[in-house]
Amino acid sequence: MESSSPSATSVPDEREVQRAALVDRRQRLTDALALAPYDLILYLERAVVYSDLAYPDLAAGDAYRALLLTDEVLNEGFEYHEQAKGSLETHSTEPYPKVLDHGDLLANIKNTADGEDGDGSEPYRQLATTASVRCFQILSLSLLLCGCLASASDFVEKGLKILPGNKELLEIKGYIEQVARRRLRLKPDDPIDFHDLPDTGAVRREIYPWNTYEPDRFSEESLSFLNGQLETMAPKCAVKVSCLPVLLEGESNTDEYEIIPTCNQLGLFAKEDIAPGEAVLKEYSLLTANNRHKESTCDACGTELPPLKMQTEAVNCPECYDTVFCDEFCFSQANEQYHPAVCDKDVDSIAKDPEAKDVAESLYLLLLARLLAMSNHQEVHPLALKEIKYIWGDFVPTQLNDIDLSVNAGPPPEWTLPFSFKYNIEIPLHVLEKMDIDIFETLPQHDLWVFNTAYSKFRGTASARKGLRDGRPEVAAVHPFWCLANHDCDPNVTWEWGGRMTLFARETRVVGNRPGGIKAGEEILNHYCDVDLPVKDRREWAQGALGGWCMCKRCRDEAAAANGSD
């Protein structure tokens, strides 16, 4: 029986009102940062709002930018010293900013500045040092909540070097140790090797409430644009709305159900019959990445080039001679769309030749770096570039990502976007600095939520090619129209990527060895993983890449059969 108590409906309403107020506060601080981009206090205030909204990753991003600005304030030779100092001086008289009045922070650090006792120290220097400790507090706690224990521990220790007795930092250090013991399965008395702490976690994967760059992908305007682009790449296909099974968060008993939850997505459909073996789509993309340093690979399209002595059409950029292109076409396309943003900017070595455990992350990072170069050169917001604008990032509705802070709350939601301080915050900002981009002045284009949105789109759609030497993925690319062909574990197409992404109609189908080919009106069904894997492995792949278990008919049939035989 439904409760008639007023509290049954007032709690959700109250939470929504609080959330709306916080989102409004976040927007006002963002607008203020547009006018005062070097004001570290504004970044700290926005970080607190993000924490209250349950976005610990975004809180960490703002706290890190604030920390960088404290360095700018305290070092006269730094590039933005005068701007950061000037902004902070507006806050240097009492009462100090409320965001710094946290615990006993102000009382303990008021007379500490650069190792002195405060005699003769300028107020803005004391304030910058105080603010740096507040940055370390927010960074360490936020990264702990994201699951990045090594980075959280590192920032705690840095904060304690400035203020050894700070109660908040010591408490966070204790929390990190508790979580570390659980994650590493240590006994209470076992020593913790902090070098072995995990440093990757997961965060919210969603269209943020303030993201105004996602188009109505099902509108006539969007479909008309996409089909216009598609005419030369896949003349026998059209983009239409497709009804797909909803990805599940994990194991369930729905595999045997005849009716399962569905959702609408864009898809490719055949306008006329396509014969077995016939090319369905041929697509050229410059949104590529190569994680091998100084390898003979086309910088533009990712094609592996022959040995130097056998290269006849390859072109070297005259300004950065080590950058090689297939031919004049790739060189001209690169110069038109991205290369001037990175030409001779010492960006090439970033994230190259990574350790085996970081191979995938390095490729996603380098795709983001290419996207940022394209955005910078073309003077278009990264999320407005046509290469990713219409890609669906397997986003989860914001309400399902929210954490219920009430006493009777259930377990928190399972966030699905992989996250680390290194690859989501630190190195992307380093890439921008190498490109001579002011990371503070260009906050609207380079906010952390922009990076996260791009990563969400890359993770479900990027294709990769393994190297011949060690079988590790070393080249990746995003082909936005190839991505529109939805995944199925019994696909009717296969693909080949060698500079151009080509979809071919399969000669035979995976299930039952049925004849291939595609009839007019049928949807083009692609495969993003190895379809020869068993269903358990395919679903585990989908959980990591797409954010949920694959629910295609083949997966449901095979899982139901396996469960029936248990």
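- Separation of the Tyr55 and Tyr208 ring centroids falls under the 6.0 Å cut-off.
- Scanning all heavy atoms of the two residues, the minimum distance from Thr461 to Cys483 falls at CB-SG, 3.1 Å.
- Considering only heavy atoms from C-beta on, Arg554 comes within 4.5 Å of Val531 through its side chain.
- Counting only heavy atoms from C-beta outward, the side chains of Val535 and Arg556 never approach each other to under 4.5 Å.
- Distance alone, capped at 3.5 Å, is enough to place a donor-acceptor pair between the Asn166 side chain and the Leu169 backbone.
- The shortest distance between side-chain heavy atoms of Val48 and Leu44 does not fall below 4.5 Å.
- Sorted by first and then second residue, the salt bridge (Lys or Arg N to Asp or Glu O under 4.0 Å) pairs with a member in residues 61-71 read Arg46-Asp62; sequence neighbours excluded.
- Using a 4.0 Å cut-off between charged side-chain N and carboxylate O, Glu540 and Lys536 make a salt bridge.
- Closest of all the heavy-atom pairs between Ile138 and Ala63 is CG2-CB, 3.7 Å.
- Side chains of Ser92 and Leu127 form a contact here, defined as non-hydrogen atoms less than 4.5 Å apart.
- With contacts defined as side-chain heavy-atom distances shorter than 4.5 Å, the pair Glu433/Ile439 qualifies.
- Here the shortest heavy-atom pairing between Val475 and Gly302 reads CG1-O, 3.9 Å.
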Candidate pair Leu105 and Leu163, rule side chain to side chain contact (heavy atoms under 4.5 Å, CB included), full reasoning: CA-CA 9 Å; Leu105 182 59; Leu163 195 61; 3.9 Å; yes
Let me check something: any side-chain donor-acceptor pairs from residues 354-361 under 3.5 Å, sequence neighbours excluded? List them with distances.
residue	atom	partner	partner atom	Å
Glu361	OE1	Arg459	NH2	2.5
Glu361	OE2	Arg459	NH2	3.1

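- Considering CZ of Phe395 and CG of Asn401, their distance stands at 11.0 Å, rounded to 0.5 Å.
- Taking the side-chain contact (heavy atoms from CB on, under 4.5 Å) definition, one finds that Glu45 meets it with Arg25, Leu29, Ile41, Leu42, Val99, sequence neighbours left out.
- Under the side chain to side chain donor-acceptor pair (under 3.5 Å) criterion, no residue pair touches residues 180-191, with sequence neighbours excluded.
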May I have the step-by-step check of side chain to side chain contact (heavy atoms under 4.5 Å, CB included) for Tyr364 and Leu366, ending in yes or no? CA-CA 5 Å; Tyr364 289 126; Leu366 292 168; over 6 Å; no
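- With contacts defined as side-chain heavy-atom distances shorter than 4.5 Å, the pair Asp353/Arg292 qualifies.
- Note on residues 129-186: pairs passing ring-ring contact (aromatic ring centres under 6.0 Å, His included), not counting sequence neighbours, are Phe155-Phe421.
- Under the side-chain contact (heavy atoms from CB on, under 4.5 Å) criterion, Gln27 pairs with Thr30, Asp31, Trp210, not counting sequence neighbours.
- Using a 4.0 Å cut-off between charged side-chain N and carboxylate O, Asp557 and Lys553 make a salt bridge.
- Checked options Asp402, Thr416, Asp57; the residue passing with Arg204 is Asp402 (criterion: side-chain hydrogen bond (donor to acceptor under 3.5 Å, both in side chains)).
- Qualifying ring pair (Phe, Tyr, Trp, His ring centres under 6.0 Å) partners for Trp415, counting only residues two or more places apart in sequence or in other chains: none.
- Among residues two or more places apart in sequence or in another chain, the side-chain contact (heavy atoms from CB on, under 4.5 Å) test is passed with Thr200 by Ser420.
- Side chains of Gln137 and Arg134: a donor-acceptor N/O pair is present below 3.5 angstrom, by distance only.
- Scanning for side-chain contact (heavy atoms from CB on, under 4.5 Å) contacts around Lys434 gives Asp346, Val347, Ile350, His430, with sequence neighbours left out.
- Listed by chain and residue number, Asn291 satisfy the side chain to side chain donor-acceptor pair (under 3.5 Å) test with Ser362 (two or more places apart in sequence, or in another chain).
- Remark: the backbone N or O of His527 is paired with a side-chain donor or acceptor of Trp495 at under 3.5 angstrom.
- Annotation: side chain of Gln445 is not in contact with side chain of Ile437 (no heavy-atom distance under 4.5 Å).
- Expressed to the nearest 0.5 Å, how far CG of Leu88 lies from CG of Leu40 amounts to 5.0 Å.
- Side-chain contact between Pro209 and Glu206 is present, with at least one heavy-atom pair separated by less than 4.5 Å.
- Residues that satisfy the side chain to side chain donor-acceptor pair (under 3.5 Å) test with Glu72, not counting sequence neighbours, are absent from this structure.
- Listed here is the closest heavy atom pair of Pro191 and Leu186: O-CD1, 3.7 Å.
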Could you go through Asp193 and Leu184, starting from their C-alpha distance and side-chain angles, then the distance that decides it, and tell me whether this counts as side chain to side chain contact (heavy atoms under 4.5 Å, CB included)? CA-CA 10 Å; Asp193 185 346; Leu184 299 175; over 6 Å; no
Stepwise, does the side chain to side chain contact (heavy atoms under 4.5 Å, CB included) test hold for Val510 with Cys489? CA-CA 8 Å; Val510 176; Cys489 293; over 6 Å; no
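- In terms of heavy atoms, Pro428 sits closest to Tyr455 at CG-OH, 4.3 Å.
- Every residue was checked against the side chain to side chain donor-acceptor pair (under 3.5 Å) condition with Asn526, not counting sequence neighbours, and none meets it.
- Less than 6.0 angstrom separates the ring centroid of Phe440 from the ring centroid of Tyr80.
- To the nearest 0.5 Å, atoms CG (Asn424) and SG (Cys146) are separated by 9.0 Å.
- Taking CZ from Arg370 and OG1 from Thr288, the interatomic distance works out to 4.0 Å, rounded to the nearest 0.5 Å.
- Taking both residues in full, the closest heavy atoms of Thr70 and Ala131 are given as CG2-CB, 4.1 Å, listed atom of the first, atom of the second, then distance.
- Here the CG-NZ distance, from Leu371 to Lys457, works out to 9.5 Å after rounding to the nearest 0.5 Å.
- Atoms CD1 and OG, on Ile162 and Ser132 in that order, are 3.5 Å from each other to the nearest 0.5 Å.
- Side-chain N or O atoms of Thr453 include one that pairs as donor or acceptor with a backbone N or O of Trp449 at under 3.5 Å.
- Ion pair Glu558/Arg539 not flagged as a salt bridge, since none of the NZ, NE, NH1 or NH2 atoms sits closer than 4.0 Å to an Asp/Glu carboxylate oxygen.
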